[in-house]
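Since the structure comes first, as structure tokens, the remarks are kept for the end.
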There are 2 protein chains.
Amino acid sequence: MQYQEAKEKFISTWGSLGTLWGINKAMAQIQALLFISTKSLSMEDIMEELKISRGNTSMNLRQLMDWGIVTKVLVSGERKEFFTTEKDVQELARIVAKERSRREIKPVIKVLDEVSSIKNDGTEKTKELIKQTKALRELTDDLDTLMNKLVNQKQNWLTKSVFKLMK
Amino acid sequence: MQYQEAKEKFISTWGSLGTLWGINKAMAQIQALLFISTKSLSMEDIMEELKISRGNTSMNLRQLMDWGIVTKVLVSGERKEFFTTEKDVQELARIVAKERSRREIKPVIKVLDEVSSIKNDGTEKTKELIKQTKALRELTDDLDTLMNKLVNQKQNWLTKSVFKLMK
DNA sequence: ATAAACTTTCAATAATTATTGAAAGTTTAA
DNA sequence: TTAAACTTTCAATAATTATTGAAAGTTTAT
């Protein structure tokens, strides 16, 4: 496999994996392209490489910047904007975990709290609803906490003590 | 908030959260309905509660059974089939984690391996591609391993030692 | 063997989500 | 101030994904 093929394979795989970390295909592909690029890229560069429209590129770059994954870089002597992504995978994971927690998990916990605190009228079905939503709330909360803790250990978090402990 | 409202809120929230654990809306809603139900339900029951068609119900129930989340139960004296879901949240998490690892994460690791093992022709861009896909491969693999380990600790895995260690 | 009771399949359709491209908006240089 | 260079916006459209419903298939009771 040569460079070009490998690059395309990486970009398309990472793109379709986007759903796993909660973002859309174009967004993931732009990030993937920047991730393996040795220099920052302009909108023009990205459009050309990924064969997507200007509008699409603009919107998805903005979203990536909202997530804090991509940043603008000023290239002296150039008028147009250039973009780069966080290059450290662990920092990337930290950002993604934090954002998903904030955007998706926290709101769900809130709803589960509301649902599990309805008045217990003593009926079987009400008891079951309360019991099960409470259990789910706790699990979701635990997973969220764990994820954030893991991911906030900036140095070697995975390969160090936690990991060994669990052998 | 009364029972009916709480129930609907739970089902719709859990349904839209489906993407977070990688399944579609109807599938997640069926699972949610079964999860808070005190007895097993027939296809008819599910169709009626969720206002979805017979075909949709049938297909999504089959998928849930493929995942190993839902099982048929035989109700004596009844000809039609009844369904129930795993009621223990931790066991549920275990199943979901295992399936997602198998269906999504493992295949990605395979591609990252292929890409990162291309011939190093010494150019900057090739070195970058190899370096970054290797880093991503390791992170993905570590997260996958960790997830599986966590989730295979059947008893109190979250609230016990791991959790305390990370305080 | 037959028919009633039930489930599955799948082509058609609907709903949702992503993408385009051109007009409007903004910034910079002269 | 003007105009060129660039970015953003958003209505229209395309692509994708989910859902329906009726025909085909299966199982069970008699």
Side-chain angles (χ1 to χ4, degrees), chain A residues 11-34 40-67 70-84 103-104, chain B residues 11-34 40-67 69-84 100 103-104:
Chain A
I11 291 171
S12 87
T13 304
W14 204 243
S16 60
L17 189 70
T19 48
L20 206 142
W21 49 296
I23 68 174
N24 77 24
K25 204 181 80 189
M27 231 175 120
Q29 291 192 343
I30 293 171
Q31 198 277 327
L33 176 63
L34 292 171
S40 59
L41 303 178
S42 68
M43 239 172 71
E44 213 74 41
D45 296 333
I46 296 168
M47 286 166 61
E48 196 173 300
E49 282 273 10
L50 302 180
K51 310 256 183 294
I52 59 177
S53 72
R54 188 173 299 282
N56 199 3
T57 308
S58 169
M59 285 171 117
N60 285 108
L61 274 172
R62 195 155 45 69
Q63 280 208 73
L64 283 164
M65 288 188 285
D66 276 355
W67 274 72
V70 162
T71 46
K72 281 185 190 173
V73 288
L74 286 169
V75 173
S76 58
E78 286 276 11
R79 179 132 154 211
K80 59 186 156 205
E81 294 172 325
F82 286 77
F83 302 90
T84 195
R103 292 166 195 242
E104 296 169 86
Chain B
I11 290 172
S12 87
T13 303
W14 205 243
S16 60
L17 188 70
T19 50
L20 206 140
W21 49 297
I23 68 173
N24 77 27
K25 204 181 81 188
M27 230 175 120
Q29 291 192 345
I30 293 171
Q31 199 277 328
L33 175 63
L34 291 171
S40 58
L41 303 178
S42 68
M43 239 172 70
E44 215 73 42
D45 295 334
I46 296 168
M47 286 167 60
E48 196 173 299
E49 282 273 8
L50 302 180
K51 309 256 180 297
I52 59 178
S53 72
R54 186 174 299 282
N56 199 4
T57 308
S58 168
M59 286 172 116
N60 285 107
L61 273 172
R62 196 156 43 73
Q63 280 208 74
L64 283 164
M65 288 189 284
D66 276 355
W67 273 71
I69 289 170
V70 162
T71 47
K72 281 185 190 174
V73 287
L74 286 169
V75 174
S76 57
E78 286 278 8
R79 179 130 153 211
K80 60 185 156 206
E81 295 172 324
F82 287 77
F83 301 89
T84 194
R100 295 207 74 184
R103 291 166 196 242
E104 298 169 88

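All figures in this text were calculated on a predicted structure; none of them were measured in a lab. In what follows, chains are A, B, ... by sequence order, proteins preceding strands, each numbered from 1.
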Separation of D:dT19 atom P from B:Ile46 atom CD1, nearest Å, is 14 Å
Paired with A:Ile46, the side-chain contact (heavy atoms from CB on, under 4.5 Å) test is passed by just one of A:Asn56, A:Thr57, A:Asn60, namely A:Thr57
Residue closer to the 5' end of DNA chain D, B:Gly55 versus A:Gly55 (nearest nucleotide)
A:Gly55
A:Arg79 has a side chain; which of D:dT9, D:dA4, C:dC10 sits nearest to it?
D:dA4
Could you tell me whether B:Asn24 contacts a base, only the sugar-phosphate backbone, or nothing, with contacts defined as non-hydrogen atoms closer than 4.0 Å?
sugar-phosphate
Please give, in whole Å, the distance from C:dA11 P to B:Arg54 CZ?
20 Å
Keeping the roles fixed (side chain from A:Asp45, backbone from A:Ser42), state whether a donor-acceptor pair exists under 3.5 Å.
yes
Spacing between B:Met47 atom CE and C:dA5 atom P, to the nearest angstrom
16 Å
Whole angstrom value for the distance that separates C1' of C:dT8 from CG of B:Asp66:
14 Å
Spell out yes or no: do the side chain of B:Arg62 and the base of C:dT8 have one donor N/O and one acceptor N/O closer than 3.5 Å?
no
From the options C:dC10, D:dC10, C:dT7, select the nucleotide whose nearest atom is closest to the side chain of B:Met59.
C:dC10
How long is the line joining CD of B:Glu44 and P of C:dA5, in whole Å?
12 Å
In whole Å, I'd like the distance from the CG atom of A:Asn60 to the P atom of D:dT8.
12 Å
From C:dT9, D:dT19, C:dG21, pick the nucleotide closest to the side chain of B:Ser58?
C:dT9
Check the pair A:Phe83, A:Lys72 against side chain to side chain contact (heavy atoms under 4.5 Å, CB included), reporting the backbone distance first and the verdict last.
CA-CA 5 Å; A:Phe83 302 90; A:Lys72 281 185 190 173; 3.6 Å; yes
Can you check the B:Lys80 NZ to C:dT8 P distance for me, whole Å?
14 Å
B:Leu34: which of B:Ile69, B:Val70, B:Thr71 passes side-chain contact (heavy atoms from CB on, under 4.5 Å)
B:Val70
For B:Arg54, is there any backbone N or O sitting under 3.5 Å from a side-chain donor or acceptor partner on B:Ser58?
no
Distance, nearest 0.5 Å, that separates CD of A:Glu49 from CD1 of A:Ile11
6.5 Å
Involving DNA chain D, stems made of at least three consecutive Watson-Crick or G-U pairs, both distances under 3.5 Å:
C:1-30 with D:1-30
To the nearest angstrom, how far is A:Ile52 atom CD1 from D:dT7 atom P?
14 Å
Would B:Arg100 pass as a cation-pi partner of B:Trp67, given that its NZ or CZ must be under 6.0 Å from the six-membered ring centre and within 45 degrees of the axis?
no
Judged by each residue's nearest nucleotide on DNA chain C, which is more toward the 5′ side, B:Lys25 or A:Asn56?
B:Lys25
